[in-house]
Amino acid sequence: MTCEEPMSDQMSQTSLGEVAARNLADVTKTAAQMGSVSPRWLVRMLPWVAVDAGTYRVNRVRVVGQEFEKVEARIDGETAVLQPRQLQAIPLFSTLDENVLAAFAQRLAVRQVPAGAAIFHEGDDSDGMFIICAGKVEIFSMNGGSKRVTLKVYGKGDYFGEVATITGAKRNASARAMSALLLLQLSRAAVQQVIAADPQIGEVLRTAVQSRIRHKEEAPIELTTHEGGGEMVVTQTFVDYEEQPREYVLSSIVTTLRVHARVIDLYKQPFDQLREQSRLTVDAMLERQEWELINNPSFGLLENVVPSMRLETRLGPPTPDDLDSLLARVWKEPSFFVAHPLAIAAFGRECTLRGVPPPTVGLFGSQFLTWRGVPLVPSEKMPIDHSASSPRTSMLLIRAGAGRRGVVGLHQPNIGDERLPSFAIRFNGVDPMGIASYLVSIYFSLALLADDAAGLLEGIEIGHFHDVE
């Protein structure tokens, strides 16, 4: 034996090797773990209503007036373009025909305002109305001439100053840019030009100012109050209903699970392969279901919050003041907030800065932060907008339950082959290759029984941190 031979060849084996021993040993195995599975708190906390024939009709008392709407302008670089029909979102212009709207749209001027700059001051003569294409505006008043009181915060798609533009009244509040602004301005002079061409337009606008209804309101029910003494005439009334109520048709998520029969037959200990494949598929579909409940363009919560129930954060990060404002919108028995975990963390930082750490409450064996006793439910399905300089998201506040005229989940049980309510797995045959197919389907939707059942706090900046000593 030469010195060049490897050391392992110089030694003889004296015990059973570990690699060989493992062939005779059992190992403890876990089921397949899918990291994308979440607690799905929204699905758990929503009350679910069983529907017939896959359809849920929401009957309401007839409403009068119109809902606030956003004015949607298209931003092109440093300018903005507005289609004339978008002006109908402004109640004062809602009854004007397309030719008049086009005349106003042609007179819109683009105005850029740097952050912190004044747009107008309380007591100024009106120089027109403004439509916000990008940025935020604070409307405020000076209380006693010394203390500034914020009256309103407007964001993208909002408008202000339209009444003074028509009436010529002086400004009753001040406005400043909270961030860099891109505005469309319709000057009072431009409005007068259009009115001069057709004086009847001025009469229509002045009538709209006097009788405008800024929110939808239920048709009144006439009642009589009598305090005794003398005769009275009792009012006559009736309760009218919407003639075309909204109907929610159950949506579905469907897939075909394919598993080879040989795999099902032979590889079933300690885990049944068909059961594991079904479990993971069901988890993926339930995750998608919760995403749809929030983001679906037809029935999702984010799309169905009416404009009057949406508000912007005052400063960007979600402060206790912002959540109080949201609670003031959904004040009739609010059930829970829904927010991205990063938004909840941002709210926690703002509370820490102010020395008001939010308390917690135990639900489903887990701890949730609360504000004013209302739990903040985390869901990573709440979208985050990364297009801005600071990532932004939104926060929902929900009143839940049919008895509260709130938000309810919809499903149709007893559809056959159910594993969960309205969730079925059906055997679909074996193909010539020996692969068994199973049709997996879930049927669901979501309904808002009243406009004030859900509110939305928008423009939440989640990347703001504080240096706390």
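Below, each value reflects all heavy atoms present in this structure, side chains not excepted, and no hydrogens, waters or symmetry copies.
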Q: Phe160 vs Tyr154 aromatic rings, parallel, tilted or perpendicular, using cut-offs 30° and 60°?
A: parallel
Q: Are side-chain heavy atoms of Tyr248 and Ser298 found at a separation under 4.5 Å?
A: no
Q: In sequence, state the C-alpha distance, the side-chain angles, and the governing distance for Asn428 and Arg258, and then conclude on side-chain hydrogen bond (donor to acceptor under 3.5 Å, both in side chains).
A: CA-CA 10 Å; Asn428 207 24; Arg258 291 165 55 84; over 6 Å; no
Q: Regarding Glu292 and Arg288, does a basic nitrogen lie under 4.0 Å from an acidic carboxylate oxygen?
A: yes
Q: When the ring planes of Phe444 and Phe299 are compared, do they come out parallel, tilted or perpendicular, using 30° and 60° as the limits?
A: perpendicular
Q: Given the rule in the salt bridge (Lys or Arg N to Asp or Glu O under 4.0 Å) test, do Arg40 and Asp283 qualify, once you have shown the distances and angles that lead to the verdict?
A: CA-CA 10 Å; Arg40 299 186 289 268; Asp283 270 335; 3.3 Å; yes
Q: Examine the side chains of His464 and Glu350 and answer whether a donor and an acceptor come within less than 3.5 Å of each other.
A: no
Q: Under a 4.0 Å threshold between the charged nitrogen and the carboxylate oxygen, would Glu333 count as salt-bridged to Arg399?
A: no
Q: Can you name the one residue among Asp321, Asp322, Thr150, Thr319 that meets side-chain hydrogen bond (donor to acceptor under 3.5 Å, both in side chains) with Arg314?
A: Thr150
Q: Within the 4.5 Å heavy-atom criterion, are Leu448 and Val306 side-chain neighbours or not?
A: no
Q: Let me confirm one number: the OG1-CD1 distance from Thr393 to Ile344, rounded to the nearest 0.5 Å.
A: 10.0 Å
Q: Are Arg62 and Glu242 within salt-bridge range, i.e. N to O under 4.0 Å?
A: no
Q: Ion pair present between Glu138 and Arg176, side-chain N to carboxylate O less than 4.0 angstrom?
A: yes
Q: Apply the test salt bridge (Lys or Arg N to Asp or Glu O under 4.0 Å) to residues Arg57 and Glu247: give CA-CA distance (whole Å), side-chain angles for both, the deciding distance (0.1 Å), then the verdict.
A: CA-CA 4 Å; Arg57 180 182 299 153; Glu247 290 187 347; 2.5 Å; yes
Q: Going through the checks in order, is the salt bridge (Lys or Arg N to Asp or Glu O under 4.0 Å) test met by Asp452 and Arg329?
A: CA-CA 7 Å; Asp452 63 355; Arg329 297 287 177 94; over 6 Å; no
Q: Phe130 versus Arg111: any side-chain heavy-atom pair under 4.5 Å?
A: yes
Q: Donor-acceptor pair, Ser394 side chain versus Glu458 backbone, under 3.5 Å?
A: no
Q: Do Leu183 and Val110 touch side chain to side chain, with heavy atoms closer than 4.5 Å?
A: no
Q: For Glu98, does the CD atom sit with more than 12 other heavy atoms under 6.0 Å from it, leaving out its own atoms?
A: no
Q: For Tyr241, is the NZ or CZ atom of Arg60 found under 6.0 angstrom from the centre of its six-membered ring and inside 45 degrees of the ring axis?
A: no
Q: Report yes if some heavy atom in the side chain of Phe347 is under 4.5 Å from a heavy atom in the side chain of Leu323; otherwise report no.
A: yes
Q: Just by distance, no angles: are the side chains of Ser422 and Gln412 close enough, under 3.5 Å, to form a donor-acceptor pair?
A: no
Q: Is there a salt bridge (Lys or Arg N to Asp or Glu O under 4.0 Å) between Asp417 and Arg426 once you walk through the steps?
A: CA-CA 6 Å; Asp417 297 311; Arg426 296 182 174 91; 3.6 Å; yes
Q: Is there side-chain contact between Val254 and Val440, with heavy atoms separated by less than 4.5 Å?
A: no
Q: Taking only Lys NZ, Arg NE, NH1 and NH2, and the carboxylate oxygens of Asp or Glu, determine whether Asp158 and Lys152 approach each other closer than 4.0 Å.
A: no
Q: I'd like to know whether CZ of Phe271 has more than 12 heavy-atom contacts from other residues, nucleotides or ligands below 6.0 angstrom.
A: yes
Q: Just checking, any donor-acceptor pair under 3.5 angstrom between side chains of Ser38 and Glu287?
A: yes
